[in-house]
Visitor: 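My questions will all concern the structure given below.
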Amino acid sequence: MNLTAVIDFETTGISPGGGDRATEVAIVLVEGGRVVDRFQSLMNAGVRIPGFITQLTGITNAMVAGAPDAAQVIGEASRFVGAAPLVAHNASFDRRFWQAELSHAGLAAPQPFICTLLLSRRLYPQAPSHKLGALVDYHGLARTGQAHRALADAEMAAGLLGQIQHDLRVRHRVARPDHALLMALQRCARAALGTLMARHADA
DNA sequence: TGCCAGGCCCTCTTTAGGGCCTT
């Protein structure tokens with residue numbers, strides 16, 4: 001399997017269209033089920049962090065004030081990712097901030113996104129919750145670092161991605177769960193899931 | 001002044017509504 005970049009943002013809120021900005025980004029590069037490199041940085045977008053966000057993430061205004069400029073950080077992050085497909089938990093959220101921060105920096109965002117939340121809903125409908133931490137516990141995966149910090153969440157999402165690929169290989173006999181299959185799975189209605197995986201298992 | 005996301009999924013549905021998930 002080729003290089004995959006698992007990404008997580010910490011932000012000032014949930015809506016880049018409403019003025020929210022990223023405060024931290026982390027990217028974990030995965031190849032062949034193994035973490036081969038990491039990128040993490042706080043980023044200063046010049047906006048205040050609401051108190052409840054600081055309570056959630058531990059990221060303070062003082063921490064961000066001393067961080068590099070957001071445009072500089074997102075440019076470095078983009079170069080780090082290159083052409084690798086991006087993976088995130090609830091990717092619609094991280095994709096919006098990825099596109100918004102790159103747009104602020106005058107850069108393009110051509111990478112496709114794969115969503116571990118959508119994949120988990122397809123593959124593990126019996127899981128009690130599909131929050132990232134709950135899925136990590138459900139699969140008995142390692143919790144790395146402080147939850148709601150970008151690198152820790154990116155590492156946990158990378159672990160979840162590895163579990164998904166393992167289950168596709170072992171349970172569904174998909175020899176090579178590549179990006180194209182993952183993209184197809186996350187778009188796939190649950191009723192058609194078995195047919196799709198059987199087709200790839202036979203291939 | 002009041003409001004403030006967006007994509008996906010499920011159900012009491014499909015010309016809709018509400019919950020989940022991300023910060």
Side-chain angles (χ1 to χ4, degrees), chain A residues 5-28 40-64 67 70 73-74 77 85-104 109 111-139 141 143-161 163-164 182-194 196:
Chain A
V6 184
I7 189 168
D8 187 78
F9 279 107
E10 303 306 320
T11 71
T12 62
I14 56 175
S15 174
D20 289 323
R21 297 293 301 270
T23 57
E24 185 180 44
V25 61
I27 299 156
V28 175
Q40 179 272 330
S41 181
L42 291 165
M43 46 203 293
N44 184 358
V47 296
R48 287 198 62 78
I49 303 172
F52 77 96
I53 293 289
T54 293
Q55 281 193 319
L56 178 69
T57 66
I59 297 173
T60 65
N61 284 297
M63 290 165 65
V64 168
V73 173
I74 204 67
L86 284 157
V87 175
H89 196 68
N90 197 12
S92 67
F93 176 86
D94 292 283
R95 185 181 60 236
R96 287 198 304 276
F97 278 95
W98 178 249
Q99 293 172 338
E101 292 299 336
L102 284 170
S103 177
H104 284 302
Q111 298 86 355
F113 267 77
I114 294 166
C115 180
T116 54
L117 171 62
L118 295 183
L119 291 170
S120 292
R121 282 175 173 165
R122 303 270 187 276
L123 295 171
Y124 316 116
Q126 73 280 10
S129 164
H130 291 89
K131 293 180 180 178
L132 178 58
L135 285 165
V136 165
D137 291 342
Y138 177 74
H139 290 294
L141 302 172
R143 280 182 174 266
T144 54
Q146 178 189 349
H148 295 298
R149 286 300 298 266
L151 184 58
D153 285 0
E155 298 253 18
M156 287 196 291
L160 178 58
L161 175 67
Q163 181 71 45
I164 289 168
L182 295 177
M183 294 289 287
L185 277 178
Q186 72 177 16
R187 287 193 303 265
C188 185
R190 186 170 294 156
L193 187 62
L196 177 66

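Heavy-atom basis, side chains included; hydrogens, waters and symmetry copies ignored. Every chain is numbered from 1 and lettered A, B, ... according to where its sequence line falls, protein lines coming before strand lines.
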Visitor: Which value, in whole Å, describes the distance between the C1' atoms of nucleotides dG2(B) and dG7(B)?
Guide: 26 Å
Visitor: Using whole Å, report how far CZ of R96(A) lies from P of dC8(B).
Guide: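 One finds 11 Å between P of dC8(B) and CZ of R96(A), rounded.
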Visitor: With DNA chain B as reference, determine whether L132(A) or R95(A) sits nearer its 5' end, using the nearest nucleotide of each.
Guide: R95(A)
Visitor: Provide the full list of salt bridge (Lys or Arg N to Asp or Glu O under 4.0 Å) pairs with a residue in residues 128-137 of chain A, sequence neighbours left out, each pair given once.
Guide: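 Non-adjacent pairs meeting salt bridge (Lys or Arg N to Asp or Glu O under 4.0 Å): D137(A)-R143(A).
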Visitor: Students often get this wrong, so: under 4.0 angstrom with heavy atoms, is I53(A) touching a base, only sugar-phosphate, or nothing?
Guide: base
Visitor: Does dC21(B) have OP1 or OP2 under 4.0 Å away from a side-chain N or O of H89(A)?
Guide: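 No, H89(A) has no side-chain N/O under 4.0 Å of OP1/OP2 on dC21(B).
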Visitor: Once ring-ring contact (aromatic ring centres under 6.0 Å, His included) is applied, do any residues pair with H130(A), and if so which ones, sequence neighbours excluded?
Guide: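 Partners of H130(A) by the ring-ring contact (aromatic ring centres under 6.0 Å, His included) criterion come out as none, since no residue qualifies.
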Visitor: Looking at L161(A), is its backbone amide N or carbonyl O close enough to the side chain of T116(A) to form a donor-acceptor pair, meaning the two atoms are under 3.5 Å apart?
Guide: no
Visitor: I'd like the P distance from dC4(B) over to dC9(B), given in whole Å.
Guide: 25 Å
Visitor: Given side chains that start at C-beta, do those of V25(A) and F97(A) come closer than 4.5 Å, heavy atoms only?
Guide: no
Visitor: Using whole Å, report how far CZ of F97(A) lies from P of dG6(B).
Guide: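 Interatomic distance, CZ of F97(A) to P of dG6(B): 11 Å.
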Visitor: In whole angstrom, what separates D94(A)'s CG from dC21(B)'s C1'?
Guide: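 So the CG-C1' distance, D94(A) to dC21(B), works out to 11 Å.
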Visitor: Specify the separation, in whole Å, of atom OH of Y124(A) and atom P of dC21(B).
Guide: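 To the nearest whole Å, that distance equals 16 Å.
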Visitor: Kindly write out the residues that satisfy ring-ring contact (aromatic ring centres under 6.0 Å, His included) with Y138(A), not counting sequence neighbours, or none if the list is empty.
Guide: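 So Y138(A) forms no ring-ring contact (aromatic ring centres under 6.0 Å, His included) with any residue.
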Visitor: Determine the Euclidean distance between corresponding P atoms of dT13(B) and dG19(B); express it in Å to zero decimal places.
Guide: 16 Å
Visitor: For atom C1', what is the distance between dC12(B) and dA16(B), given to the nearest Å?
Guide: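 Here dC12(B) and dA16(B) have their C1' atoms 11 Å from each other.
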Visitor: For W98(A) and dA5(B), give me the distance from atom CH2 to atom P, rounded to whole Å.
Guide: 25 Å
Visitor: Would you list the pairs meeting salt bridge (Lys or Arg N to Asp or Glu O under 4.0 Å) in which at least one residue belongs to residues 16-28 of chain A, sequence neighbours left out?
Guide: R21(A)-E101(A), E24(A)-R149(A)
Visitor: Any side-chain heavy atom of H89(A) sitting closer than 4.5 Å to one from D153(A)?
Guide: no
Visitor: With rounding to the closest Å, how many angstrom separate the C1' atoms on dT14(B) and dG18(B)?
Guide: 15 Å
Visitor: Filter on salt bridge (Lys or Arg N to Asp or Glu O under 4.0 Å), then keep only pairs touching residues 85-99 of chain A, sequence neighbours left out; what's left?
Guide: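 The answer is none; no pair qualifies.
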Visitor: Not counting sequence neighbours, which residues clear ring-ring contact (aromatic ring centres under 6.0 Å, His included) with F9(A)? List them please.
Guide: none
Visitor: What's the gap between dC20(B) and dT1(B) when it is taken at their C1' atoms, as a whole Å value?
Guide: 31 Å
Visitor: Check each residue of residues 5-19 of chain A for a non-hydrogen atom within less than 4.0 Å of any atom in DNA chain B, then write out the ones that pass by number, or none.
Guide: D8(A), F9(A), E10(A), T11(A), G13(A), I14(A), S15(A)
Visitor: Quick one: side chains of residues 46-58 of chain A, donor-acceptor pairs under 3.5 Å with protein atoms, not counting sequence neighbours, listed by atom name and distance.
Guide:
unit_1	atom_1	unit_2	atom_2	d
T54(A)	OG1	I59(A)	O	2.9
T57(A)	OG1	I53(A)	O	2.9
T57(A)	OG1	I59(A)	N	3.0

Visitor: Round to the nearest Å and state the distance from E101(A) atom CD to dT22(B) atom P.
Guide: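 Distance, rounded to whole Å: 20 Å.
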Visitor: Return whichever of L118(A) or H148(A) has its heavy-atom-nearest nucleotide of DNA chain B closer to the 5' end.
Guide: L118(A)
Visitor: What is the separation between atom CE on M43(A) and atom C1' on dT23(B), rounded to the nearest whole Å?
Guide: 14 Å
Visitor: Round to the nearest Å and state the distance from F93(A) atom CZ to dC8(B) atom C1'.
Guide: 16 Å
Visitor: When you compare the protein's N or O atoms with those of nucleotides 17-20 of chain B, which come within less than 3.5 Å of each other, and at what distance?
Guide:
unit_1	atom_1	unit_2	atom_2	d
dC20(B)	O2	R121(A)	NH2	3.2

